[in-house]
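Report on the following structure.
Please read all numbers here as calculations on a predicted model, not as lab measurements. Sequential numbering from 1 along the given sequence is applied to the chain's residues.
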Amino acid sequence: MQNNTIPKSAVYIALGSNLDNPIAQLQSAVRALDTLPDTQVTAVSAFYRSKPLGPQDQPDFINAVAALETALLPLDLLDHLQHIEQQQGRVRLRRWGERTLDLDILLYGELIIESERLSVPHYDMANREFVIVPLYEISPQLRLPNGEKLANLADKLKPHHMEIVAI
Ligand code: ROI
């Protein structure tokens, strides 16, 4: 008997916005993720308000993490994420500054990717409470490809400084 299903990977995407109604930006991005080919959104964290990492003279961010099951290859997924960012009128005013929508691939299964366009796991995820806390919320048993338990990273960031603004 033939099995025509394409193998899928568990992928985690960080969502962030601090311009143009950030909560609506994230809600719209989650809907867009769920319509990508060969992809389902399997979990979405709460939406957290976080102080900006970078210049402080910019609005607070809204951050969340979404879990996907996808058959898209990493760079194809990246193309789709950049398309969603553009569709939602992405503006980025300066480096480390305000932006309408950021969609970053945090983890792609157990893969480690170091290419010109893409580094997975995300290079700084372990230090960012606005990434680790929502990721831990939806996947408390997760380990990073290097074997590190997400629970240990989450413990190190306690107590966190964010407020849940939407579920
Ligand atoms: N700061 C917070 N709190 N959340 C983000 O998503 C975020 N994204 C960024 C920079 C500008 C580094 N700071 C951030 O790209």
Working to the nearest 0.5 Å, report the span between CG of Leu72 and CG of Asp79. 9.5 Å
Search all heavy atoms of Thr100 against all heavy atoms of Gln25 and return the closest pair with its distance. O-CG, 3.5 Å
Val65 and Leu26: same hydrophobic cluster, using ILVMFWY side-chain contacts below 4.5 Å? no
Test side chain to side chain contact (heavy atoms under 4.5 Å, CB included) applied to Thr70 and Thr39, Val41, Ile13, the passing residue: Thr39
In terms of hydrophobic clustering (I, L, V, M, F, W, Y; side-chain heavy atoms under 4.5 Å; direct or indirect links), are Met162 and Val44 co-clustered? no
Inter-residue atom distance Asp102.CG - Phe61.CZ, 0.5 Å rounding: 7.0 Å
For Gln58 and Gly97, which heavy atoms make the closest approach, and how far apart are they? OE1-C, 2.9 Å
Please name the residue in the list Arg49, Glu129, Lys51 that meets the side chain to side chain donor-acceptor pair (under 3.5 Å) test with His161. Glu129
Is any side-chain heavy atom of Leu142 closer than 4.5 Å to one of Tyr12? yes
Applying a strict under-4.5 Å side-chain criterion to I, L, V, M, F, W and Y, I'd like to know whether Val11 and Val30 cluster together. yes
Could you grab the distance from atom CG of Leu118 to atom CD1 of Ile113, nearest 0.5 Å is fine? 5.0 Å
More than 12 heavy atoms of other groups within 6.0 Å of Gln141 CD: no
Taking Ser45 for the side chain and Ala64 for the main chain, is one N or O donor matched with an acceptor at less than 3.5 Å? no
Is the shortest heavy-atom distance from the side chain of Ile112 to the side chain of Asn146 under 4.5 Å? no
Taking the side chain as every heavy atom from C-beta outward, state whether Glu137 and Tyr48 have any atom pair closer than 4.5 Å. yes
Consider only side-chain N and O atoms of Lys8 and Gln40, and report whether a donor and an acceptor are under 3.5 Å apart. yes
Quick one: are Leu15 and Ile62 in side-chain contact, heavy atoms under 4.5 Å? no
Under 4.5 Å between side-chain heavy atoms, counting indirect links through other Ile/Leu/Val/Met/Phe/Trp/Tyr residues: same cluster for Leu36 and Tyr108 or not? yes
Euclidean distance, Ser139 OG relative to Leu106 CG, rounded to 0.5 Å: 11.5 Å
Test log, rule salt bridge (Lys or Arg N to Asp or Glu O under 4.0 Å), inputs Lys156 and Glu148: CA-CA 13 Å; Lys156 284 188 221 160; Glu148 181 155 25; 3.7 Å; yes
Might you confirm whether atom CZ of Arg94 has over 12 heavy atoms from other residues, nucleotides or ligands at distances under 6.0 Å? yes
Do Leu111 and Pro145 touch side chain to side chain, with heavy atoms closer than 4.5 Å? no
Would you tell me whether Ser28 and Gln88 have side-chain atoms, one donor and one acceptor, within less than 3.5 Å of each other? yes
So, Glu114 and Ser119: side-chain donor and acceptor under 3.5 Å apart, yes or no? yes
How long is the gap from CG on Leu101 to CG on Asn18, to the nearest 0.5 Å? 11.0 Å
Exercise: identify the closest heavy-atom pair between Ser17 and Leu19: OG-O, 3.3 Å
Distance-only donor-acceptor check, side chains Asn63 and Ser50, under 3.5 Å: yes
From Leu81 CG over to Leu75 CG, what is the distance, rounded to the nearest 0.5 angstrom? 11.0 Å
No-hydrogen, no-angle side-chain donor-acceptor test under 3.5 Å, Gln82 and Arg117: yes
Spell out, yes or no, whether Leu144 and Ile138 are grouped together once hydrophobic residues are joined by side-chain heavy atoms under 4.5 Å, including indirect joins. yes
Do Asp155 and Asn152 have side-chain N/O donor and acceptor atoms under 3.5 Å apart? no
Strictly below 4.0 Å, N to O, side chains only: are Glu98 and Arg90 in salt-bridge contact? no
Counting C-beta onward and ignoring hydrogens, is there a side-chain heavy-atom pair between Val120 and Pro74 closer than 4.5 Å? no
